[in-house]
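Data first, discussion second: the structure below is written as structure tokens.
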Amino acid sequence: MFRYTKATALREVLVWAFALLTLLPFYFLVINALKPDEELLTTGSSTPPSRPTVENFTEVLTATGDSNILLGLLHSAVITVGSIAGLVAFGSLAAYVLARTTARWGSVAFYLFLVAIVLPTQLGLIPLYIGARQLGLVGSLWGMIVLYVGTLMPLAVFLYAGFFRNLPRDYEEAAALDGAGPARVFFRVVLPLMAPATGTVAILAGLIVWNDFFSALIFLGGSDNQTLPVSMYYYVGSLVSAWNKIFAIVLISMVPILAFYLFAQKRFIQGFAGGIK
Amino acid sequence: MASITFDRITKRYPDGTQAVSELDLAIRDGEFLVLVGPSGCGKTTALRMAAGLEEISEGRLLIGDRVVNEVHPSQRDIAMVFQSYALYPHMSVRENIAFPLQCAGLAKAEVRERVDRAADALGLTELLERRPKALSGGQRQRVAMGRAIVRQPQAFLMDEPLSNLDAKLRGQMRAEIRNLQREYRTTTLYVTHDQVEAMTMGDRIAVLRKGVLQQLGTPEELYESPANLFVAEFIGSPPMNVLSATVTRAGSGSELLLGSQRLVLPAGALDAYPELAGADATPVALGLRPEALRDAAGADPSWPRLLADVELVENLPPEKLVHLRLDAEPVVTEATLELAADVDQAAAEDLRALGRGSVLHARLPGTTPVREGTRAQFAVPPSALHFFDLSTGQAIAPQSPRLAAATA
Ligand SMILES: Nc1ncnc2c1ncn2[C@@H]1O[C@H](COP(=O)(O)OP(=O)(O)OP(=O)(O)O)[C@@H](O)[C@H]1O
Ligand SMILES: [Mg+2]
């Protein structure tokens with residue numbers, strides 16, 4: 001049995017305290033999402049509602065038009081999944097070539113990707129918007145996927161390349177001698193071994209895309225294809241904001257992420273710990 | 001099955017390192033050839049060129065009659081066992097062994113059957129559903145072998161496949177690999193730096209030093225007639241004793257001057273060596289295998305005798321390994337230093353610091369009367385003498401092959 005000593009007991013108390021502290025925003029989120037409209041202005045944001053209600057949830061879930069949360073959820077999901085798929089497919093291939101080529105252009109290209117990570121996306125927003133409009137990508141889910149795959153590609157390539165560099169060449173050489181062509185070597189041997197890298201890319205890119213408000217607002221503005229963060233924005237008024245509704249939406253938008261996190265937790269940790277065992 | 005031919009192959013790495021120089025080597029159809037040499041001599045490089053994993057700088061590589069310099073590894077129809085085994089960690093043992101067959105496009109049923117058969121031959125049947133991570137070193141070795149044999153390729157290439165196993169398992173796997181190879185009669189190129197492995201496994205052995213082939217021959221040929229000092233000292237354990245000596249004419253026969261001692265050779269002992277028999281006072285490097293030093297009592301009286309101080313007697317039943325000190329100069333060449341340094345750097349320093357006198361190893365029967373701290377007499381059969389050119393290290397070969405003389 002585990003026994004507490006003074007030191008371990010103290011450490012546990014501290015860890016618990018820290019955990020509670022990080023849960024504090026979540027507490028505000030929940031109590032305010034359960035508050036009826038009348039109490040919103042009369043009570044402080046830290047006091048729990050005297051008559052908790054799920055009204056806010058039913059209201060935002062049944063809203064139509066621009067504030068249709070369920071549709072926003074669906075659009076967000078389509079864009080996120082599509083972007084992750086594109087990033088995994090193209091990012092892994094590009095990074096593999098860059099990590100394995102001995103030609104000089106390989107390192108040049110790699111550094112170009114690095115530069116693209118460092119430069120802020122906003123810098124290229126206007127030309128990007130003009131280009132996207134000319135290609136007919138503005139306002140469509142497809143367009144958003146293309147946009148995200150493009151702008152997050154440097155991140156995906158950078159993450160994948162790090163993993164590929166640490167992968168011993170033995171596996172690829174063994175597969176080649178076993179009679180596998182380059183495509184089979186990559187898809188049957190290399191990519192499955194890169195599962196931790198794929199998890200890392202999927203989670204990092206997925207979070208960025210899921211939470212992105214700015215590009216979605218600009219590139220999808222005025223269309224019927226709003227994402228969740230943009231739909232939520234409808235409840236932010238210039239004079240009054242329906243914070244109880246907004247908090248309800250925030251809670252709803254967290255559900256898929258939490259579900260995914262619980263599902264992929266093991267990979268998540270493995271991916272950040274790095275390397276394959 | 002096919003032969004593998006290295007035709008004047010040179011490998012230069014991009015950084016300028018010349019790892020293999022004009023290697024001429026033919027591995028015959030069905031033969032088990034061992035490529036052996038100290039660390040860094042280019043064995044792996046040579047093997048990887050045969051596999052197609054390393055570009056060939058100059059020369060031609062043939063599998064059968066086909067020049068394969070430009071052929072992709074996947075098209076060469078050869079299997080390789082890696083030092084790290086390189087088993088695919090995300091596949092079960094069954095999937096690992098099946099992989100080459102799937103690449104060859106075999107039908108599912110046939111793949112299953114051949115994997116089962118290979119697993120049976122290697123005693124892996126129980127382990128087929130396990131992942132490589134859940135296997136012991138020896139079992140992983142077997143899976144790697146299974147992946148190699150299942151396709152029945154033209155040739156096997158193996159790069160120190162046993163170096164990750166403990167001594168006992170290594171001995172066992174040595175025999176297993178040889179048995180498998182005999183059964184399938186597959187041409188094999190086997191790389192090792194362990195001369196014992198080379199001697200016990202090879203049909204023929206190629207000794208490589210700094211990328212240059214030193215000698216190619218059967219284990220017996222290498223042991224009985226090494227082509228130069230390097231091979232002489234590399235093959236055999238304990239290694240051959242090498243001393244500087246002078247051959248002089250004395251009356252009708254010859255004498256060997258060894259430090260302060262004078263060994264009279266029986267008449268006609270050097271007849272096979274016209275270079276030595278005719279000349280007057282020729283300095284040579286004299287090579288003596290540990291078993292060439294015999295107890296003087298009861299030995300052929302015509303054999304020359306050698307007096308030496310017994311420094312240490314190691315009991316190694318059924319034999320005794322005896323360390324002797326003699327006042328003759330040791331021969332320290334670049335090659336001997338390199339071999340010593342391969343063991344460890346301190347050994348090389350010791351060699352340099354020996355100063356006067358040299359240490360000899362003798363392998364004597366357990367019944368030998370030799371005692372530590374005494375001076376004893378040893379008999380040396382004249383046919384067991386090896387002579388080498390002091391400056392080049394090349395063997396001064398007898399004109400009739402020694403093997404024939406020894407077996408006659
Ligand atoms: N990729 C490379 N680039 C430059 N030099 C290399 C490269 N690979 C090997 N070498 C050099 O070539 C020489 C031969 O190396 P190789 O790996 O073939 O030796 P080896 O005989 O297999 O040694 P070991 O017994 O230690 O495995 C060494 O001097 C090594 O440093
Ligand atoms: Mg090697």
Side-chain angles (χ1 to χ4, degrees), chain A residues 88 92-93 95-108 160 163-202 264 266-271 273-277, chain B residues 13-15 44 47-55 68 71-92 95-106 131-134 140 143-144 146-159 161:
Chain A
V88 166
S92 65
L93 277 168
Y96 183 58
V97 174
L98 291 185
R100 285 294 189 244
T101 184
T102 49
R104 172 160 302 181
W105 66 263
S107 53
V108 173
Y160 265 121
F163 280 90
F164 284 134
R165 293 220 170 101
N166 288 325
L167 179 71
R169 276 170 202 258
D170 284 12
Y171 297 118
E172 292 148 66
E173 294 178 343
L177 280 161
D178 281 344
R184 192 191 289 263
V185 171
F186 184 75
F187 289 108
R188 283 289 315 277
V189 176
V190 176
L191 203 53
L193 289 175
M194 284 293 106
T198 303
T200 309
V201 168
K266 217 175 132 201
R267 287 258 159 93
F268 192 75
I269 290 163
Q270 227 180 32
I276 49 163
K277 298 287 134 61
Chain B
Y13 281 109
D15 68 355
T44 298
L47 189 83
R48 287 172 58 84
M49 285 192 285
L53 300 172
E54 208 70 69
E55 222 171 289
V68 293
V71 178
H72 191 262
S74 62
Q75 305 299 316
R76 292 194 183 192
D77 194 18
I78 47 185
M80 179 156 163
V81 177
F82 288 72
Q83 187 173 359
S84 65
Y85 311 142
L87 302 178
Y88 311 123
H90 58 296
M91 298 185 195
S92 66
E95 289 166 327
N96 263 283
I97 301 179
F99 188 74
L101 300 177
Q102 289 165 350
C103 292
L106 264 61
R131 289 284 170 92
K133 211 190 279 184
R140 283 179 207 185
V143 177
R147 201 169 62 178
I149 61 171
V150 73
R151 192 159 49 103
Q152 307 200 348
Q154 300 277 333
F156 294 149
L157 305 175
M158 305 191 193
D159 191 358

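Just so you know, these numbers use all the heavy atoms, side chains as well, and skip hydrogens, waters and symmetry mates. Quick note on labels: first sequence line is chain A, next is B, and so on, each numbered from 1.
In plain terms, the two heavy atoms of B/H90 and A/V189 that are nearest each other are CE1-O, 3.7 Å.
Neither the backbone nor the side chain of B/A104 comes within less than 4.5 Å of any heavy atom in chain A. For chain A, no part of B/R76 is nearby; none of its heavy atoms comes within less than 4.5 Å. Proximity to chain A (any heavy atom under 4.5 Å) is shown, for B/Q102, by both the backbone and the side chain. Neither the backbone nor the side chain of B/L101 comes within contact range of chain A; no heavy atom of the residue lies under 4.5 Å from a heavy atom of that chain. Contacts between A/R188 and chain B at a heavy-atom distance below 4.5 Å involve backbone atoms as well as side-chain atoms.
In this structure, the separation between CZ on B/R147 and CG on A/L177 is 9.5 Å, given to the nearest 0.5 Å. Put simply, CG on A/L193 and OH on B/Y88 are 10.0 Å apart, with the number rounded to the nearest 0.5 Å. Within the model, atoms CG of A/D178 and SG of B/C103 stand 6.0 Å from one another, a figure rounded to the nearest 0.5 Å. With rounding to the nearest 0.5 angstrom, the CZ atom of B/R48 is 4.0 Å from the CD atom of A/E173. Taking CZ of A/R184 as the reference point, atom CZ of B/F99 lies at 6.0 Å (rounded to 0.5 Å).
Residue with the most contacts toward chain B among A/G181, A/P192, A/A176: A/A176 (heavy-atom pairs, distance under 4.5 Å).
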